[in-house]
Every structure is written in C-alpha cells, then in structure tokens.
Amino acid sequence: MSTTPILLDCDPGHDDAIALLLALASPEVELLGVTTVAGNQTLEKTTANAIRVLEFSGHTDVQVAAGADRPLLREQYVAADVHGDTGLDGPDLPPPRSQPVAQHAVDFLAERIRSSVRPVTLIPTGPLTNLALLLALHPDARPERIVLMGGAIAEGNVTPAAEFNIWCDPEAAARVFASGLDVTMVGLDVTHKALFTQAHVGRLAGRVGEMVAELLRFYGTFHRKVYGFEGSPIHDAVAVAHVLDSGLVETLERNVEIDTESELCRGRTVVDLWRRTTREPNAHVGVEIDSDGFLELLIERLNSLE
Ligand code: RIB
Ligand code: CA
C-alpha cells in the first residue's frame, strides 16, 4: 500500500488532538509535520497542545511549526467555552518539554511540500490563515489536495450562519476556495451526524484511550449543554478519516463562496447545492457520512496507540 504524505494544520483543540492521534495511528498516511494556528485558543496554547499530544503519544519525531497568531484581518477570537482555558482541558497532560521549530509554519509547509517526493495532502482543521499565507507567499508550493474541516451547507455553530474555522478568518477561507486547488470541505452537515457517545468512550482502551476519554468528558459538556447531544462530534478527525478512506464521506462537486461582507452571515460557506447559479464548482462538499464506519475506524486506531 502506498502511503499518502500529509501535513496537518491545526488549532488543538480537543477534536484536533484526536485527529492528530488518528493520523499518527494510520499506516495509510505519512505525517510530514504539524503546523499550528490561532483558533480554538491562542497560538501559544495551540502550539503547546500539539507538542503535548505528540510527546504524550511518543511521537517526538514529528516536528511542529507555529504559524499565524491571528486572522488575516479579523480580531482574534478563542473558543474557551468549548475547549477550556488551556485549549485541551480535561486530561492532566504534562507541559510540553520541547519547542516548535524556529521556522514559521508557512515556510515549513512550503519546504515540506517542495521536498516531498510524492504529492502532499494538506489537512487544515483550524482557521485557514496559514494556508492563505502559503498561497500568497509560496505560490509554487501547492499541495496536491486540501481536505479541510470547516464550513457547512445548512448549519452554523459559532453563529447561526457560520462554522467556527471559516468564521474566524473568512478572508483566508475565500482565498482557499478561490485558489483552484483540489479542495474538499468536511463541514458540520456531516460531522454532526457522527457523534462519539458514552458507549464509544467505554470501548476506548490503553493510556491513549484513557486520555481521549478524559478529553471527551470535558468536550462533551459543551455539546450536551448547547445541542442536547448525547455525544461529541469529532469534527477534525472526520477530515483525516476521509483521507484514510474516501468512502466514509460522500461528496458533491459544488460551488462554495464565502461571505466576507455581511456581519449577520460573516464566514458563511454559501454552497450552491442545487446548482442555482452559473458559478463553477470549486470544492468537493461533504453531504453524507458513514457514521458507524468512521466511529469504528477511530476507536480501532486510537486503541492501537500505545
Ligand atoms: O467548528 C468546528 C471546528 O472549529 C473544529 O475544527 C474545532 O476544532 C474548531 O477549530
Ligand atoms: Ca480545529
């Protein structure tokens, strides 16, 4: 089996952390590195969290590069109500022992893409600031494919109209969807259909499984309170899982435009689902998910980690 080289650009964040563990546990992909961005928490905290997860799971060989500490234009906004003050509230993870590399994430991404012998898939699971900067500063270093967690056809979480990653930096998202790159959008419409319930938590095993259970114990409180969910959407892990097995998420090629003008609908991904415009399709938009298939894969892979 040939492995797919991937880069994960993230804002850990509980679901980012689980997405990272899934990537580390999956032979289908080769993780070339991790870059971080401000989003769920400040850049300092998301970077520390990425390193903490790598150190906890024994993957200190994977390098981390810190990126943008705020959106292109908008004010920084953190989701402490969802992920806590540390960004990874719940488990008592030790502070990071190491530092990120000195290189900025955008330059790190460019270098890894240029030096990879096989085409690279970039998996952004936070605001798209780093990717927008990569497109602007290193136009030659283009990933073959982008599979991002973000947006929604018909939902919103940070506002009634928009999903958090896109809402944080709508100008960055607009550049990504206008880039002409092969973009797959894994949005709330699919991630909200695959909830990690207590029954799934009960099947987690080992020290990593136990740590994930502690992450979900904290992360689940927000989703129970706000949505009445009896389980948590592991948004970012769905994007990674789709790279592992493209049969897990059904997509349609559609046009997606980003509202960067209005306040009411700031960051909305306007998906032309029924082809009502002449706008050309520019993304593979997730419309359905094999929830059981995703959840079983995630449990199996998490339990395979030592
Ligand atoms: O809206 C969910 C997304 O925003 C996830 O990536 C979560 O980690 C936050 O970044
Ligand atoms: Ca995220």
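Index from 1, following the sequence. On a predicted model such as this, the values are computed, not experimentally measured, just so you know. Order of listing sets the numbers, starting from 1, for every ligand and every atom in it.
Among the atoms of M149, no N, O or S atom is found under 3.0 Å from the Ca ion (ligand 2). The Ca ion (ligand 2) has no N, O or S atom of D15 inside 3.0 Å of it.
Proximity of D259 to R266: side-chain heavy atoms (C-beta onward) are nowhere separated by under 4.5 Å.
The aromatic rings of F222 and Y227 lie perpendicular to each other, with more than 60° between the two planes, well past the 30° mark.
Taking every heavy atom of M149 and a limit of under 4.0 angstrom, the matching atoms of ligand 1 come to 2 (C), 3 (C), 5 (C), 6 (O). Interface of T125 with ligand 1, defined as ligand atoms under 4.0 Å from a residue heavy atom, comprises 6 (O), 10 (O). Distances below 4.0 Å separate heavy atoms of E163 from the following atoms of ligand 1: 1 (O), 2 (C), 3 (C), 4 (O). Interface atoms of ligand 1 facing F164, defined by a heavy-atom separation under 4.0 Å, are 1 (O), 4 (O), 9 (C), 10 (O). Listed by atom number, the atoms of ligand 1 under 4.0 Å from D16 heavy atoms are 8 (O). For ligand 1, the atoms closer than 4.0 angstrom to any heavy atom of N40 are 7 (C), 8 (O), 9 (C), 10 (O). Annotation for ligand 1: atoms under 4.0 Å from non-hydrogen atoms of N165 are 3 (C), 4 (O), 5 (C), 6 (O), 9 (C), 10 (O).
One finds a salt bridge joining R203 and E296 here, because a Lys/Arg side-chain nitrogen approaches an Asp/Glu carboxylate oxygen to under 4.0 Å. Salt bridge status for E30 with R118: present, with a side-chain N to carboxylate O gap under 4.0 Å. Taking a cutoff of 4.0 Å between a charged side-chain nitrogen and a carboxylate oxygen, R74 and D169 do not qualify as a salt bridge. Checked for salt-bridge contact, K193 and E288 meet the test: a charged N lies under 4.0 Å from a carboxylate O. Looking at E28 and R301, a side-chain N of the basic residue comes within less than 4.0 Å of a carboxylate O on the acidic one, giving a salt bridge.
Taking the ring centroids of F218 and H83, they lie at or beyond the 6.0 Å cut-off.
Close N/O approach between N157 and ligand 1 is found [any backbone or side-chain N/O within under 3.5 Å].
The nearest protein atom to atom 6 (O) of ligand 1, hydrogens excluded, is given as D236 OD1, 2.5 Å; this is a heavy-atom distance. Protein heavy atom in closest approach to atom 8 (O) of ligand 1: D15 OD1, 2.6 Å.
The two residues P100 and I51 have their closest heavy-atom pair at N-CD1, 3.6 Å.
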| said: Before you tell me yes or no, could you show the steps for H242 and F294 under ring pair (Phe, Tyr, Trp, His ring centres under 6.0 Å), namely the whole-Å CA-CA distance, both residues' side-chain angles and the distance that decides it to 0.1 Å? | reply: CA-CA 9 Å; H242 185 58; F294 162 67; over 10 Å; no

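The minimum distance between the Ca ion (ligand 2) and any N, O or S atom of D236 involves atom OD2. Of all N/O/S atoms in D11, OD1 sits nearest the Ca ion (ligand 2).
Angle O(T125) to the Ca ion (ligand 2) to OD1(D16): 130° [nearest 10 degrees].
Counting heavy atoms closer than 4.0 Å to ligand 1, residue D11 contributes side-chain atoms (C-beta onward) but none from N, CA, C or O.
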